[in-house]
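These notes concern the structure reproduced below.
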Amino acid sequence: MKNHLRLLTPGPTAIPDRVRLAMAMPMIHHRKPEFKAIMEETRGYLKKLFGTEQEVLPLASSGTGAMTAAITNLFSRGEKIIVAQAGKFGERWREIAKVQGLEIVEIAKPWGEAILAGDIEEALQKNPDAKGVCIQICETSTGVMHPIYEIAQVTKKYDVLLVTDGISSVGISPAPMDEWGIDALLTGSQKGLMVPAGLSLLAFSEKAWKKAEKVEPSCFYFNLKAELKNVLKNQTNFSSPVSLIVGLREALTMIFEDVKDGGYGGLDGLYQKHYALAQMTRAGIKAMGLEPFAKTHYAWGLTSVAMPKGVAGSELVSLAAKETGVVIAAGQEPMKDELIRLAHMGYVDFGDMLAGLYAVAKSLPEKPQNFDNAYMSIAMQAYENAPRYPKTALPN
């Protein structure tokens, strides 16, 4: 029996029909009134999404482009930054900073552990000349969510910028920039925002913009001061990714639209859905006899699952796609076969996650003790009984 494909990877994610249809409309010119009207509406939505009064800049790039833009516009060659490194994407901050010629102080933790506020404070006390702290909100390679609210309470006390990669958290879990004290927040289109890859979004706090004014941009393309001037005119600095921005406007409309009209009813409803799906997926995995890879500080957008002895994650992922039509992700090097990642971000619901749990169970070489579907019942109970999501603290 052939099942339809279910995309449960941590990017790209499934795209709602109404977003796909919006992007299929005839092309419009990026310097004409039709596009400017779309940009103006999108700007308003993005400020609400990021929780900021500042402008959110759309860039024609992947999320890594926004990471590069943040580094090259906020820090000058030779300046010192602190990089939190506990997975593949923490390493990416380090590599981008190296290219920019920055002095790097690493806070390193084993994959699967979180960087804590105390770790950041200790590093800042030892490095009072540091200009920035670069960290993921969700480390997508491990399924860990660093406690950014608590970390922001630390960085507020220092003359330092908190630069956060929200690629797997914006539109999935709370990170209101202005309220928490985040100085730079960025994301990509292909995860919680339910749009194809190729568009990144980046916002600076007032403090960050003041720092950027003193930095000579070292990248011709990612000149954010020029981008800001154009965004204020409902334009982009260079050719706009028109279809992606049209799709983003539609996805944001869905997020903020009333539930009775087919939307999520705003960020509160969106975050509650993802939190409930996270509870559901972890409960189902544990009921199978498997263990989450992230034991504490787990992400709301994906569940990482440690593989039993003798089971290669890459082989399980391949078998699941072949046998069930459910596409999940293995780990990333050097943990490719040590774990799998089952995503519950973007346009998914409890039915998709039940299919994902079934795909994992069916693809194990030794079937779990509760393969009689008890794990599905346990998972659904966790979903239905999920408490209100924590607005600042993380579940442990």
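T303 and H344 share a donor-acceptor pair across their side chains, judged by distance under 3.5 Å alone. Under 3.5 Å, the side chains of Y221 and N237 contain no donor-acceptor pair of N or O atoms. Counting only N and O atoms by type, the side chains of E139 and S141 include a donor and acceptor under 3.5 Å apart. Judged purely by distance below 3.5 Å, without hydrogens or angles, the side chains of N230 and T236 never pair a donor atom with an acceptor atom.
Of the possible polar contacts, none joining the D261 side chain to the G263 backbone as a donor-acceptor pair under 3.5 Å is found. For the pair R249 (side chain) and T42 (backbone), a donor-acceptor distance under 3.5 Å is absent. Of the possible donor and acceptor atoms, one in the side chain of N385 sits under 3.5 Å from a partner among the backbone N and O of Q381. Panel note: side chain S318, backbone S314; no donor-acceptor pair is recorded below 3.5 Å.
Taking a 4.5 Å side-chain heavy-atom cut-off between Ile, Leu, Val, Met, Phe, Trp and Tyr, the cluster of V327 extends to L5, L7. Counting Ile, Leu, Val, Met, Phe, Trp and Tyr side chains that sit under 4.5 Å apart, directly or through other members, V99 stands alone, with no cluster partners.
Here K210 contributes atom NZ and L161 contributes atom CG; the two are 12.0 Å apart, rounded to the nearest 0.5 Å. One distance of note links CG of L162 with CD1 of I135; it measures 7.5 Å at 0.5 Å rounding. The NE2 atom of H146 sits 7.0 Å away from the CD1 atom of I151 when rounded to the nearest 0.5 Å. Taken to the nearest 0.5 Å, the CG atom of L232 stands 11.5 Å off from the CD atom of E40. Here CG of L8 is found 10.5 Å from CE of M345. Values are rounded to the nearest 0.5 Å. With values rounded to the nearest 0.5 angstrom, L228 atom CG is found 11.0 Å from N73 atom CG.
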Could you walk me through whether R18 and E257 satisfy the salt bridge (Lys or Arg N to Asp or Glu O under 4.0 Å) test, starting with their C-alpha distance in whole Å, then the side-chain angles of each, then the deciding distance to 0.1 Å, before giving a yes or no? CA-CA 13 Å; R18 59 187 281 186; E257 197 171 63; 2.9 Å; yes
Under the side-chain hydrogen bond (donor to acceptor under 3.5 Å, both in side chains) rule, what do S218 and Q100 come out as? Steps first, then yes or no, please. CA-CA 8 Å; S218 57; Q100 180 67 355; 2.8 Å; yes
Chi angles and distances behind the salt bridge (Lys or Arg N to Asp or Glu O under 4.0 Å) call for R92, E95: CA-CA 5 Å; R92 188 159 299 179; E95 296 308 310; over 6 Å; no
Walk me through whether K157 and E121 qualify under salt bridge (Lys or Arg N to Asp or Glu O under 4.0 Å). CA-CA 9 Å; K157 300 185 295 184; E121 182 129 45; 3.0 Å; yes
Pair K273-D268, salt bridge (Lys or Arg N to Asp or Glu O under 4.0 Å): steps then yes or no: CA-CA 9 Å; K273 183 194 86 161; D268 188 60; over 6 Å; no
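Partners of F50 by ring pair (Phe, Tyr, Trp, His ring centres under 6.0 Å), not counting sequence neighbours: none found. In this view, E150 satisfies the side-chain hydrogen bond (donor to acceptor under 3.5 Å, both in side chains) rule with no residue, not counting sequence neighbours.
Tracing side-chain contacts under 4.5 Å through hydrophobic residues (I, L, V, M, F, W, Y), one reaches L364 starting from V317; they form part of the same cluster. Hydrophobic clustering (ILVMFWY, side-chain heavy atoms < 4.5 Å, transitive): L267 and Y275 are in one cluster. In the hydrophobic clustering of this structure, L342 does not group with W111; members are Ile, Leu, Val, Met, Phe, Trp, Tyr whose side-chain heavy atoms approach within less than 4.5 Å, directly or through other members. Cluster membership check: I115 does not share its hydrophobic cluster with F293, using side-chain heavy-atom separations under 4.5 Å among Ile, Leu, Val, Met, Phe, Trp and Tyr.
Exactly one residue among V56, L49, I137, L201 makes a side-chain contact (heavy atoms from CB on, under 4.5 Å) with T187. That residue is L201. A side-chain hydrogen bond (donor to acceptor under 3.5 Å, both in side chains) with Q136 is found for one member of T142, T164, D165 and no other, namely D165.
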List the atom pairs, with distances to 0.1 Å, where a side-chain N or O of residues 188-200 and a protein N or O form a donor-acceptor pair under 3.5 Å, not counting sequence neighbours.
| unit_1 | atom_1 | unit_2 | atom_2 | d |
| --- | --- | --- | --- | --- |
| S189 | OG | P196 | O | 2.5 |
| S189 | OG | L199 | N | 3.3 |
| S189 | OG | L199 | O | 3.1 |
| K191 | NZ | P10 | O | 2.8 |
| K191 | NZ | S168 | OG | 3.1 |
| S200 | OG | S61 | OG | 2.8 |

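Applying the 6.0 Å contact sphere to CG of D258 captures more than 12 heavy atoms from other residues, nucleotides or ligands. Within 6.0 Å of NZ on K391 lie no more than 12 heavy atoms contributed by other residues, nucleotides or ligands. Within a 6.0 Å sphere centred on OH of Y389, other residues, nucleotides and ligands contribute more than 12 heavy atoms. Within a 6.0 Å sphere centred on NZ of K336, heavy atoms belonging to other residues, nucleotides or ligands number 12 at most. The 12-atom threshold is not exceeded at CD of E315, counting heavy atoms of other residues, nucleotides or ligands nearer than 6.0 Å.
Among residues at least two apart or in separate chains, ring-ring contact (aromatic ring centres under 6.0 Å, His included) pairs with a member in residues 20-45 are Y45-F256.
The pair D183-K211 does not count as a salt bridge, with every side-chain nitrogen at least 4.0 angstrom from each carboxylate oxygen. Using a 4.0 Å cut-off between charged nitrogen and carboxylate oxygen, K47 and E53 do not count as a salt-bridge pair.
Two rings, from F220 and F238, have their centers less than 6.0 Å apart.
Using the six-membered ring where Trp is involved, W300 and Y271 have ring planes that are perpendicular, over 60° apart on the 30 and 60° scheme.
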